[in-house]
Every structure is written in C-alpha cells, then in structure tokens.
Amino acid sequence: MSGKFDILIVGGGPAGISAALTALNRGKSVGVIANPPSSSKLYLAEEVTNYPGISGSGSEIMEAMHRQLVDSAATIIEGRALSVMPLGSTVGAAVGNDFFEASAVIVATGISRRPICAGESSFLGRGVSYCATCDGMLYRGKTVAVIGEGAEAESDIRFLRDIGCEVLTFSGKGKFDIRGDTRADTLIVNGKEYKTDCIFILKETLSAESLVPGIETERGIIKTTRAGETNIKGVFAAGDCTGAPYQLAKAAGEGNVAALTACEYINSLTKEK
Amino acid sequence: MSVMHLTKDNFDSVTSSGLVIVDFWAEWCGPCRMQGPILDQLEEEIGSKVKVCKLNVDDHPDIAQRFGVFSIPTLIAFRDGKQISKAVGVQSKEQLIAMLG
C-alpha cells in the first residue's frame with residue numbers, strides 16, 4: 001500500500017480522530033496511521049466524567065470514536081509509523097514497508113515513550129532496530145531478540161521466523177540492558193544474558209525524536225504553537241504528545257486546531273502555485 | 001546524470017575518487033523508499049560535484065557487511081575512497097549535504 005494524501009495523521013486516538021474528521025469537513029483527503037483502538041490510553045479509563053455531552057467508560061468512548069473514523073472517508077493505515085520527514089514540497093512517512101506522502105502531517109502519537117532498554121539509543125542502527133521488516137533480511141539464519149507486544153509485534157515475529165531467523169521473544173515488561181562493543185551483541189533480561197545478532201524493539205509508538213528527526217522537543221514533549229505548528233514546515237502536532245494536561249477534551253480540541261491550521265497551510269501552498 | 005546503481009563490479013572504482021555518497025537500501029524497506037526521492041533531489045542539485053549512488057544490500061550482502069551495515073537505510077559518504085561519515089536511518093537533503101563536509 002502506498003499513496004498520497006492532503007493530510008496524513010499519525011495516531012488514531014482522540015486527537016488524531018478529531019483532526020481527521022475536521023480535515024475531512026474541510027474537503028481534504030485524509031490518511032490515518034492507527035494502532036487498534038484498544039491501544040489508546042483512553043481505552044483504559046474506567047469512567048470519563050468531564051467531557052461535555054457524553055459520558056461512559058474510556059473503552060466505550062474510544063470504540064465510538066473509532067467507529068466514527070471507520071465510517072468516515074478517511075483511509076485507515078494499520079501499522080507502525082517509522083519515520084516522518086519533509087521531502088521538499090511534501091512530507092513523507094514510512095509505515096512498515098510502505099511509504100506515503102502528504103502535503104501536511106499531523107503527529108498525534110499520544111504520550112511520549114521513553115527508551116525502554118538501557119543502551120537502546122546508543123546502539124540504534126548497530127545491532128538494535130525498530131523495524132523488523134526493514135532490517136530482518138540482514139539477519140537471515142541468525143539469532144535475533146524481539147522485545148514487544150501486540151498484534152504488530154506478533155506479525156513481525158512471524159515474519160522473522162519465516163525468513164529463517166532464530167527468534168527469542170520478550171514482552172515489554174522486565175528490566176532490559178543492551179551490551180556490546182562496537183555493536184550490540186548481548187541482551188540482558190532481568191539479569192539473564194542472551195547472545196543475539198540483533199535486538200528488535202517493537203513499540204507501538206516511537207518517541208517523537210525517533211519518528212520525526214529534527215523535531216523540537218523538551219523532555220520528549222513536542223513543542224508547538226497554540227495553532228499546533230512544530231518547528232518543521234508541514235508538520236503539526238496535537239494531543240498528549242504535546243504535553244499535559246493528558247485529557248480527552250484537550251486532545252480532541254488540539255486535533256481540531258491542528259487540522260484547521262494544516263488546512264490553511266495547504267491552501268496557502270496551492271495559492272503560491 | 002541520475003542516481004548511480006552500484007554493484008560489486010563497480011563499487012570500488014566509483015567510490016575511489018572524488019566525493020561519493022552511497023545509500024545502502026533494499027526494496028522491502030519503507031524508510032528506504034522515502035530516502036529514494038531525497039537522493040534524486042540531491043543528485044539534481046549537486047550531482048555535478050558529488051556522485052550520488054545506491055547499493056542494493058539484498059543483491060550485495062558482502063559489500064554491506066564490509067561496511068558494517070546492520071540497519072537500512074544506511075548512508076555512507078566517501079572522499080577519494082575513504083569513508084568520511086556514516087548515518088543510519090532516513091536522512092534529509094540537508095543532513096546528506098552536511099555528511100559530505
């Protein structure tokens with residue numbers, strides 16, 4: 001799958017869905033890169049009591065929002081976004097082994113994830129990878145470790161086994177330490193050592209800095225203007241990834257604002273031409 | 001000129017002189033497909049001064065191994081055959097220009 005949209009939204013939580021619906025209302029074509037609704041933080045909320053007009057459990061509200069997205073004209077892209085980068089007049093996004101392009105991208109990836117392993121960032125690209133479908137082939141016939149959970153991780157584990165890797169699997173829980181000299185060769189899990197040729201860390205969401213190289217952040221939080229603009233032209237952000245308060249109403253509101261700003265930005269591009 | 005596809009037969013001769021940037025890539029990799037158009041733009045802008053090249057790691061795993069490519073895309077810049085910089089993951093045009101010094 002590949003394609004071109006006016007607006008590509010990374011994240012299918014409240015901010016991403018609100019942004020998608022707003023952009024569709026403004027006549028834009030919209031792609032949404034989304035994990036299943038159950039992976040949204042909202043899903044775990046027992047009761048939402050401060051959203052105007054609706055109340056219920058987090059899972060009920062999240063499912064209703066997701067249905068609204070499914071019923072809309074937006075294209076839902078299932079999978080993990082790996083990289084977002086300006087390509088001159090458009091912004092590109094890599095999702096698994098697919099590639100999409102849009103005039104504007106809205107990052108709505110939810111609460112920021114810090115590295116989960118000691119040594120993860122320093123060994124990235126040297127025996128640590130975030131993308132099994134990208135780098136798996138380089139390790140055919142070798143031993144690799146996968147740290148991760150969820151449907152995406154399962155399908156990646158299958159993929160690695162199919163291409164002939166010996167795969168050690170670990171859930172995201174536990175204490176992980178990555179060791180090596182010029183490259184990672186040992187994974188320590190709760191004190192036990194495993195020798196591996198590559199460690200795949202498959203998180204549902206990458207940190208903002210890993211996802212969008214060069215994006216301005218402060219302690220993992222994306223810096224935005226009130227209009228949802230980031231420091232990168234054509235890249236906007238909304239919801240929990242832009243910081244506290246981590247509230248449904250704030251996320252939905254920011255998604256709406258970022259989409260309107262992105263629409264204006266796209267209209268100004270068309271005028272320039 | 002356009003982006004040059006390297007093979008085991010011309011890798012050393014092409015990289016041995018002048019400024020060269022090589023994108024180690026493969027078809028199955030989404031981020032590599034994003035790197036492609038960026039390389040095309042780079043070639044258009046500075047192709048007269050720099051050889052902009054790609055190497056398919058699936059076809060030439062031995063060369064990838066020789067340069068310690070463990071993750072793709074990996075970009076390596078050479079001056080007169082000597083490696084001057086290396087970067088892992090998709091690189092913007094500006095980052096690529098910076099890699100060439």
Side-chain angles (χ1 to χ4, degrees), chain A residues 1-2 33 77 79-101 121 123-142 144 159 163 180 182-185 197-200 206 209-215 232-233, chain B residues 2-3 21-47 52 54-77 83 85-99:
Chain A
M1 191 170 163
S2 66
I33 304 166
I77 302 158
R80 199 183 305 112
L82 294 166
S83 187
V84 170
M85 184 169 283
L87 304 173
S89 59
T90 62
V91 183
V95 184
N97 34 15
D98 297 320
F99 164 60
F100 301 90
E101 245 182 302
S121 309
F123 283 116
L124 188 61
R126 297 187 296 124
V128 171
S129 171
Y130 290 147
C131 178
T133 50
C134 304
D135 297 335
M137 295 291 210
L138 301 171
Y139 297 94
R140 272 172 285 196
K142 305 220 166 125
V144 301
F159 167 77
I163 62 170
T182 55
R183 51 175 308 205
D185 55 23
D197 292 296
C198 187
I199 299 154
F200 290 98
L206 293 185
E209 298 96 325
S210 308
L211 180 67
V212 195
I215 200 166
I232 299 175
K233 195 174 152 236
Chain B
S2 59
V3 173
I21 191 146
V22 182
D23 172 21
F24 291 78
W25 74 290
E27 265 168 27
W28 69 74
C29 145
C32 299
R33 293 167 62 188
M34 189 152 90
Q35 188 71 65
I38 301 176
L39 281 186
D40 292 339
Q41 281 177 23
L42 185 77
E43 212 286 325
E44 219 164 89
E45 268 180 41
I46 60 167
V52 181
K54 292 175 84 155
L55 179 92
N56 186 320
V57 300
D58 220 11
D59 297 340
H60 300 288
D62 42 332
I63 300 179
Q65 204 160 17
R66 197 171 114 205
F67 289 95
V69 173
F70 306 121
S71 189
I72 50 174
T74 288
L75 290 114
I76 301 182
Q83 181 178 325
S85 53
K86 181 176 179 181
V88 177
V90 184
Q91 305 294 311
S92 68
K93 198 175 67 195
E94 292 69 28
Q95 286 169 315
L96 293 175
I97 290 170
M99 281 179 69

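Below, chain A is the first sequence line, B the second, and so on; all start at residue 1.
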Contact origin within [X] toward chain A - heavy atom pairs under 4.5 Å:
{"X": "B:E27", "value": "neither"}
{"X": "B:P31", "value": "both"}
{"X": "B:V57", "value": "side chain"}

Around B:Q65, counting heavy atoms of other residues, nucleotides and ligands shown, do more than 12 lie under 6.0 Å from its CD? no
Main chain of [Y], side chain of [X]: is a donor-acceptor contact present, judged purely on distance under 3.5 Å?
{"X": "B:R33", "Y": "A:A94", "answer": "no"}
{"X": "B:W28", "Y": "A:T133", "answer": "yes"}
{"X": "A:D98", "Y": "B:G30", "answer": "no"}

Using every non-hydrogen atom in the two residues, find where [X] and [Y] come nearest and quote the distance to one decimal.
{"X": "B:F70", "Y": "A:Y139", "result": "O-OH, 2.9 Å"}
{"X": "B:V88", "Y": "A:G125", "result": "CG1-CA, 3.7 Å"}
{"X": "A:D135", "Y": "B:S71", "result": "OD2-OG, 2.6 Å"}
{"X": "B:M34", "Y": "A:A93", "result": "SD-N, 3.4 Å"}
{"X": "B:Q41", "Y": "A:L87", "result": "NE2-O, 3.0 Å"}

Which bit of A:V84 comes within less than 4.5 Å of chain B, counting heavy atoms only: side chain, backbone, both or neither?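 Backbone only.
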Can you check side-chain contact (heavy atoms from CB on, under 4.5 Å) on A:M85 and B:I38, steps first, answer last? CA-CA 10 Å; A:M85 184 169 283; B:I38 301 176; 3.8 Å; yes
